[in-house]
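For the single chain, residues carry numbers from 1 onward in sequence order. Whatever order the structure lists them in is the order used to number ligands and atoms, beginning at 1.
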Amino acid sequence: MRIILLAAPGAGKGTQAEKLSEHFGIPTISTGSILRRNIQEGTELGKLAKKYIDGGNLIPDEVMIQVMQDRLSQPDCEKGFILDGFPRTLPQAEALSASDIDVDVVLNLEVPEEKIIERLSGRVECSKCGATYHIVHNKPEKDGVCDKCGGGLVTRVDDQPETIKSRLDIYHTQTEPLLAYYQEKQMLRTVEGKEEIAETTAAVLNALED
Ligand code: ATP
Ligand code: MG
């Protein structure tokens with residue numbers, strides 16, 4: 001199964017990607033995690049990415065396309081994968097269509113904008129393993145500490161209010177056109193991102209079975 005997950009930033013795409021990954025036994029390829037890991041490790045890619053991410057901007061298409069071509073050709077992707085965060089622009093989608101990778105389905109997770117802003121504003125992330133939590137809706141057992149690895153929880157720089165606004169604007173102008181692009185190819189399925197994480201997962205699995 002090769003799945004693209006599409007959603008506005010903060011719609012809970014990453015969380016659903018992890019659930020699907022467990023369910024199907026295939027890896028989640030999250031562009032955000034790849035980029036943040038590179039930033040932490042101070043690689044060339046990380047240095048370049050940091051400038052864009054901290055300002056709430058997208059990494060240039062040609063860079064992202066190259067990174068993903070390399071990643072998707074790794075052996076662990078042979079049985080399938082879940083794409084979280086790629087493609088995010090039409091040129092990225094076109095590059096993927098032109099490659100020899102055949103995607104089966106594009107899942108659009110739809111969440112109202114008020115909800116997205118509320119979620120992003122309360123999101124914290126483990127500085128060690130990248131697991132995400134919400135200070136109200138998905139609290140860790142102990143405030144400020146990661147359940148999984150004990151690392152410290154922090155607010156991402158790009159989750160500051162001004163940056164959130166810019167990320168949403170970019171989503172509307174750059175990423176939303178992909179819905180029509182994949183609709184046209186009859187690959188698109190839309191699921192409502194509900195209150196409860198488990199409810200959304202059930203709806204997502206249901207949409208994938210049809
Ligand atoms: P969430 O993870 O809650 O959905 P998000 O999707 O905005 O939020 P990430 O996917 O973690 O966040 O991505 C963080 C940043 O990395 C983006 O704001 C963008 O700058 C950059 N980025 C990630 N994927 C891409 C991509 N495909 N093309 C260009 N830039 C990207
Ligand atoms: Mg993401």
Side-chain angles (χ1 to χ4, degrees), residues 4-21 28-40 43 45-72 81-97 99 101 103 106-111 113 115-127 129-135 137-138 154-178 181-182 193 197 200 204:
I4 293 174
L5 274 179
L6 276 183
K13 192 164 27 84
T15 307
Q16 293 306 323
E18 287 313 317
K19 304 281 175 197
L20 289 177
S21 186
T28 291
I29 315 297
S30 155
T31 53
S33 312
I34 293 175
L35 295 170
R36 282 189 291 277
R37 188 173 343 110
N38 275 276
I39 292 175
Q40 254 182 1
T43 66
L45 171 64
K47 284 181 206 153
L48 181 136
K50 188 170 167 35
K51 291 194 301 206
Y52 293 96
I53 293 185
D54 286 355
N57 297 308
L58 294 181
I59 278 75
D61 285 331
E62 58 279 12
V63 175
M64 229 35 239
I65 290 167
Q66 187 59 53
V67 168
M68 293 309 276
Q69 249 159 20
D70 293 348
R71 181 62 190 91
L72 295 175
F81 51 75
I82 296 144
L83 285 182
D84 165 17
F86 185 89
R88 219 163 170 129
T89 65
L90 271 180
Q92 292 179 16
E94 282 159 359
L96 185 59
S97 299
S99 75
I101 298 157
V103 171
V106 179
L107 228 134
N108 172 32
L109 201 59
E110 216 166 48
V111 175
E113 184 133 331
K115 177 138 283 172
I116 283 180
I117 292 170
E118 200 239 1
R119 282 192 191 166
L120 287 175
S121 318
R123 175 161 73 173
V124 287
E125 182 181 75
C126 176
S127 52
C129 77
T132 56
Y133 300 86
H134 189 281
I135 52 174
H137 306 298
N138 181 20
V154 294
T155 298
R156 277 166 42 176
V157 180
D158 60 340
D159 280 346
Q160 309 299 333
E162 324 77 73
T163 322
I164 289 176
K165 183 170 176 313
S166 137
R167 285 163 67 203
L168 287 173
D169 287 347
I170 289 175
Y171 171 75
H172 291 307
T173 54
Q174 310 255 76
T175 309
E176 235 165 29
L178 298 191
Y181 178 83
Y182 285 117
I197 291 170
T200 305
V204 164

Test item: Arg71 side-chain N/O and Ile29 main-chain N/O as donor-acceptor pair under 3.5 Å: no
Check each of Arg119, Lys51, Lys13 against atom 4 (O) of ligand 1 and report the one with the nearest heavy atom. Lys13
Considering both backbone and side-chain atoms of Gly85, is one of its nitrogen or oxygen atoms within less than 3.5 Å of a nitrogen or oxygen in ligand 1? yes
Select one of side chain, backbone, both or neither to describe which atoms of Leu35 lie under 4.0 Å from any atom of ligand 1, heavy atoms only. side chain
Can an N or O of Gly10 be found at a distance shorter than 3.5 Å from an N or O of ligand 1? yes
Quick check on contacts: which atoms of ligand 1 are under 4.0 angstrom from a heavy atom of Pro9? 4 (O), 5 (P), 7 (O), 8 (O)
Contacting atoms of ligand 1, where contact means under 4.0 angstrom from a heavy atom of Asn57: 19 (C), 20 (O)
Please confirm whether Ser33 comes within less than 3.5 Å of ligand 1 when only nitrogen or oxygen atoms on both sides are compared. no
List ligand 1 atoms under 4.0 Å from Arg36, heavy atoms only on the residue side. 11 (O), 14 (C)
Test your reading of the structure: does Ile59 have an N or O sitting under 3.5 Å from an N or O of ligand 1? yes
Does Gln92 reach the side chain of Met68, with side-chain heavy atoms less than 4.5 Å apart? no
Does either side chain, that of Thr43 or that of Asn38, offer a donor lying less than 3.5 Å from an acceptor on the other one? yes
Worked check of salt bridge (Lys or Arg N to Asp or Glu O under 4.0 Å) between Asp159 and Arg167: CA-CA 9 Å; Asp159 280 346; Arg167 285 163 67 203; 2.7 Å; yes
When you check the side-chain N and O atoms of Thr163 and Asp158, is any donor under 3.5 Å from an acceptor? no
Residue Gln92 vicinity, atoms of ligand 1 by number, heavy atom under 4.0 Å: 26 (C), 27 (N), 28 (N), 29 (C)
Have a look at ligand 1 and work out which part of Thr89, if any, has a heavy atom under 4.0 Å from it: side chain, backbone, both or neither. neither
Hey, does Met68 sit under 4.0 Å from ligand 1 if you only count heavy atoms? no
Report yes or no: does a heavy atom of Arg156 sit under 4.0 Å from some atom of ligand 1? yes
With a 4.5 Å heavy-atom cut-off, do Ile82 and Ile4 have their side chains touching? no
If you measure from atom 10 (O) of ligand 1 to every heavy atom of Arg88, Gln16, Arg123, which option wins on shortest distance? Arg88
Numbering as shown, the atoms of ligand 1 that approach Phe86 to under 4.0 Å (heavy-atom distance): 27 (N)
Sequence neighbours excluded, which residues qualify as side-chain hydrogen bond (donor to acceptor under 3.5 Å, both in side chains) partners of Ser121? none
Does the side chain of His134 pick up a donor-acceptor pair with the side chain of Glu118 at under 3.5 Å? no
Please answer whether the main-chain N or O of Ala17 pairs with a side-chain N or O of Thr28 as donor and acceptor at a distance below 3.5 Å. yes
Straight-line distance of Ser97 OG to Tyr182 OH, nearest 0.5 Å: 5.0 Å
Would you check whether Tyr52 has a nitrogen or oxygen atom less than 3.5 angstrom from a nitrogen or oxygen atom of ligand 1? no
